[in-house]
Amino acid sequence: MIDTQPFQLGLFGANADGGLAVTTVPERWRAAWPDLLALARLADGAGLDFFLPLARWKGFGGTTNARHHSFETLTMAAALATATERMTLFATVHAPFVHPVQAAKAIATIDHASGGRAGLNIVCGWNAPEFAMFGMERTDQPYALGHEWYEVFSRILAGEGPFDFDGAYYKLRGVEGAPLSLQRPRPTVLSAAFSPAGRDFAARTSDHIFTTFVEIADAAATIADVKARGEAVGRPLGVFTACHVVCRASQDEAEEYYDRIAVREADKGAVEHYMAMKQATSGSHDPSAYTLHAKRFAAGAGTYPLVGTPEHIAAELVRIHQAGFGGTAISFVNYLDELPGFINGVLPLLADAGIRQ
Ligand SMILES: Cc1cc2nc3c(=O)[nH]c(=O)nc-3n(C[C@H](O)[C@H](O)[C@H](O)COP(=O)(O)O)c2cc1C
């Protein structure tokens, strides 16, 4: 599956308007289907390893209502299965909103349609208005449901059944599913979180945690903590992260554009709403991230900025790899306009550095 490169690279968030950015610049990503399809084919042909969507049900307000438009991720992965050939197609699934019996069948379907390239990114939900859309209330123990969800999901794909399940959240009778996934015992599983509870959830369920960091120098401690939690339950746990990219021929040009998207023309109302909601209900970032790095929320949902020349960006990615991350998902203000510059400028430098074949 995706562990074929020393350092994995994929695209994050291209299924939603704005991608990871919350900016008003007119060239911002609109996630129109023809553009998304062209992007998936471009990334696949260039050898990127995975395509990872975000799961969103409501916009963030402000002038752009960023993320109001987003494609549902299971159906999107199925649609991209026959349009791509190599990369892993993740679906990002909210455990509280999608029944595990449904998810197991959907993931198995994507796995067959793609020739064994399905992946699952489990999220347990932080956005209270989204819970309200589903007639639910967010609890402060979101992973309790997640554990049960994963057990049902993984047992179906492992070929168990019919089985009964008696949990606090699911009471199920005669559970079974076919076809099973082509990947055995199940497709690759990621889970996205930062908090200690989220790390423990990943350790018990996932192949890789997908998490954030503020400074590269501090990331090694996060990674050591995550890996220790995996080892404590006897499972090796990989660690992936997410970065947003502005790659230009000169450092000045890249920084000037970054200032424009993230400060002068940021969608300030939406950024404030997003940061306030996220801070209230999620531990998904170190608290300093909100105060020190509001720009990062405008340009990339709080992920790490890769802003500069191809040489600068490649050097930063090598440092991220050296810190212990197994890979990163990346985003752009306009994926289709900017990915070619990354492919031509940065990928060869990563090969020279020995972190990509
Ligand atoms: C890199 C990353 C990506 C995430 N992607 C999504 C997403 O697409 N949809 C979503 O609702 N939550 C997403 N989350 C939020 C997490 O799933 C989780 O709800 C949040 O981090 C709060 O949990 P925590 O306090 O355990 O970190 C993401 C989190 C991280 C760190």
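Each ligand, and each atom within it, is numbered from 1 in the order the structure gives. Here the structure is a predicted model, which means the values were calculated and not measured.
Put simply, part of Arg56 is less than 4.0 Å from ligand 1, judged by heavy atoms. Ligand 1 is approached by Tyr143 to a heavy-atom distance shorter than 4.0 Å. The shortest heavy-atom distance from Phe201 to ligand 1 is not under 4.0 Å. Residue contacts with ligand 1 leave out Asn127, since none of its heavy atoms falls under 4.0 Å from the ligand. In this structure, Ala55 is part of the shell of residues with a heavy atom less than 4.0 angstrom from ligand 1.
Taking a cutoff of 4.0 Å between a charged side-chain nitrogen and a carboxylate oxygen, Arg204 and Asp200 do not qualify as a salt bridge.
Among all heavy-atom pairs drawn from Arg356 and Gln5, the shortest one is CA-OE1, 3.2 Å.
Closest heavy-atom approach to atom 30 (C) of ligand 1 within the set Ala192, Ala202, Pro196: this belongs to Ala192.
With ring centers used as reference points, Phe131 lies under 6.0 Å from Phe97. Taking the six-membered ring where the residue is Trp, the centroids of Tyr169 and Trp149 are separated by 6.0 Å or more.
Atoms of ligand 1 lying under 4.0 Å from at least one heavy atom of Thr92, given by number and element, are 8 (O). Atom numbering of ligand 1 starts at 1 in the shown order; those under 4.0 Å from a heavy atom of Leu54 are 8 (O).
Defined by atom type and a distance below 3.5 Å, a donor-acceptor pair is missing between the side-chain atoms of Tyr170 and Glu151. For the 3.5 Å distance criterion, the side chains of Tyr150 and Arg186 qualify, holding a donor opposite an acceptor.
For Phe12, every heavy-atom contact with ligand 1 shorter than 4.0 Å involves the side chain, none the backbone.
Between Tyr274 and Phe297, the ring-plane angle classifies as perpendicular under the 30° and 60° cut-offs.
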